[in-house]
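Okay, so here's the structure we're looking at.
Residue numbers start at 1 and run along the sequence shown. Atoms within a ligand are numbered from 1 in the order they appear, just like the ligands themselves.
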Amino acid sequence: MTIDHRLAALAHLYRVYDQFCDSLDNLACRKFCADCCSRNVTMTTLEGVYLLQGLDAAQQAACLAALRQGADQIVFRPRYTTNQIAALCRDGHDAPEDDLVHGGSRCSLLTAAACSLYGLRPFGCRCMVSRQPCATKGYADVDDWVLTVNTVFLQTIEHIDRPGCFGNMQDVLQALGRDDWQAAYRDGRPSTEATRLITNQPAPVLMVPPVHQAKMKPILAEIQQGLRFVS
Ligand code: SF4
Ligand code: SF4
């Protein structure tokens with residue numbers, strides 16, 4: 001499976017998810033509403049390649065330079081991938097507590113309250129939606145159905161990006177910004193050493209609660225369409 005096949009599958013998944021969000025009529029999300037844009041965003045390496053490939057050389061350099069600024073600030077760095085958590089749940093364990101620190105800094109790619117690379121943003125940004133402006137409650141108000149759909153997309157994106165890695169956006173993009181590291185990733189031998197990234201895992205089971213299984217079927221069928229690129 002080449003990286004181009006995986007990128008085609010990812011583009012399909014983004015399209016399907018964006019259509020799903022367009023179908024939701026109860027979202028408060030609007031352009032220039034950006035309280036959710038923090039440096040805590042996570043992404044996979046495949047999404048990092050998708051993002052960087054959409055930029056020319058000068059834009060890539062500007063993006064990496066923006067992320068380097070304030071790179072010493074505290075940000076969320078996941079200890080588990082979504083599929084690792086799914087495997088723990090499948091085996092009867094509780095999902096690990098999200099007890100890691102989330103920093104309060106704004107995303108460095110935010111300019112004048114709009115994302116500087118909106119069409120290329122990772123799934124972690126796309127799936128950040130809320131029924132009320134986040135400023136009202138101080139957090140996003142996401143219903144259980146949307147959380148289920150988000151989890152299935154996160155699992156699928158991780159699944160198709162193997163062997164690849166997962167981590168905070170700034171760590172993923174800085175790793176991919178190194179030519180030697182990106183070449184190793186494209187060759188299917190990325191190393192997590194000195195990157196603060198963790199390794200993607202296959203989806204052991206899709207985490208869809210019984211109450212959402214029937215409603216999920218048409219979305220799963222559309223996801224499956226995208227997986228034809230990588231099967
Ligand atoms: S998730 Fe919250 S802050 Fe972000 S656009 Fe939606 S309502 Fe605004
Ligand atoms: S990448 Fe864009 S959408 Fe995502 S947090 Fe940063 S500014 Fe917001």
Is the distance between the ring centroids of Tyr14 and Tyr50 under 6.0 Å?
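So the answer is yes for these two rings.
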
Got Gln225 and Val16 here, is their nearest side-chain heavy-atom distance under 4.5 Å?
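A side-chain contact under 4.5 Å is absent here.
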
Shell of protein N/O/S atoms around atom 8 (Fe) of ligand 1, taken as anything under 2.8 Å:
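Checking every protein N, O and S atom gives Cys33 SG.
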
Check for me whether Arg121 meets the cation-pi criterion with Tyr118, that is, NZ or CZ under 6.0 Å from the six-membered ring centre and within 45 degrees of the ring axis.
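Verdict for Tyr118: a cation-pi partner in Arg121.
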
Which heavy atom of Gln84 sits nearest to which heavy atom of Glu158, and what is that distance?
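Heavy atoms of Gln84 and Glu158 come nearest at N-OE2, 4.5 Å.
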
Which heavy-atom pair separates Pro202 from Asn83 by the least distance, and what is that distance?
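Reported closest heavy-atom pair: O-CB, 3.4 Å.
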
I'd like to check which ligand 1 atoms, numbered from 1 as shown, lie under 4.0 Å from a non-hydrogen atom of Met128.
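Going through ligand 1 atom by atom, the ones under 4.0 Å from Met128 are 1 (S).
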
Under the 3.5 angstrom rule, does the side chain of Gln174 hit a backbone N or O of Asp171 as a donor-acceptor pair?
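Checking the backbone N and O of Asp171 against the side chain of Gln174, no donor-acceptor pair under 3.5 Å is found.
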
In terms of hydrophobic clusters joined by side-chain contacts under 4.5 Å, are Phe76 and Met128 together?
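As far as the 4.5 Å side-chain criterion goes, Met128 and Phe76 are not connected within one cluster.
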
Pair Asp25 + Arg131: basic N to acidic O under 4.0 Å
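Here Asp25 does not pair with Arg131 in a salt bridge, since their nearest N and O are not under 4.0 Å apart.
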
Plane angle bin for Trp181 and Tyr185 - parallel if under 30°, tilted between 30 and 60°, otherwise perpendicular:
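Geometry flag for Trp181 against Tyr185: parallel rings.
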
In terms of relative ring orientation, are Phe153 and Phe123 parallel, tilted or perpendicular, with 30° and 60° separating the classes?
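The arrangement is parallel - the two ring planes meet at less than 30°.
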
Answer yes or no for Met169: is there a heavy-atom contact with ligand 2 below 4.0 Å?
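Contact check Met169 vs ligand 2: positive.
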
What protein N, O or S atoms come within a distance below 2.8 Å of atom 2 (Fe) of ligand 2, ordered by chain and number?
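Less than 2.8 Å away from atom 2 (Fe) of ligand 2 sit Cys115 SG.
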
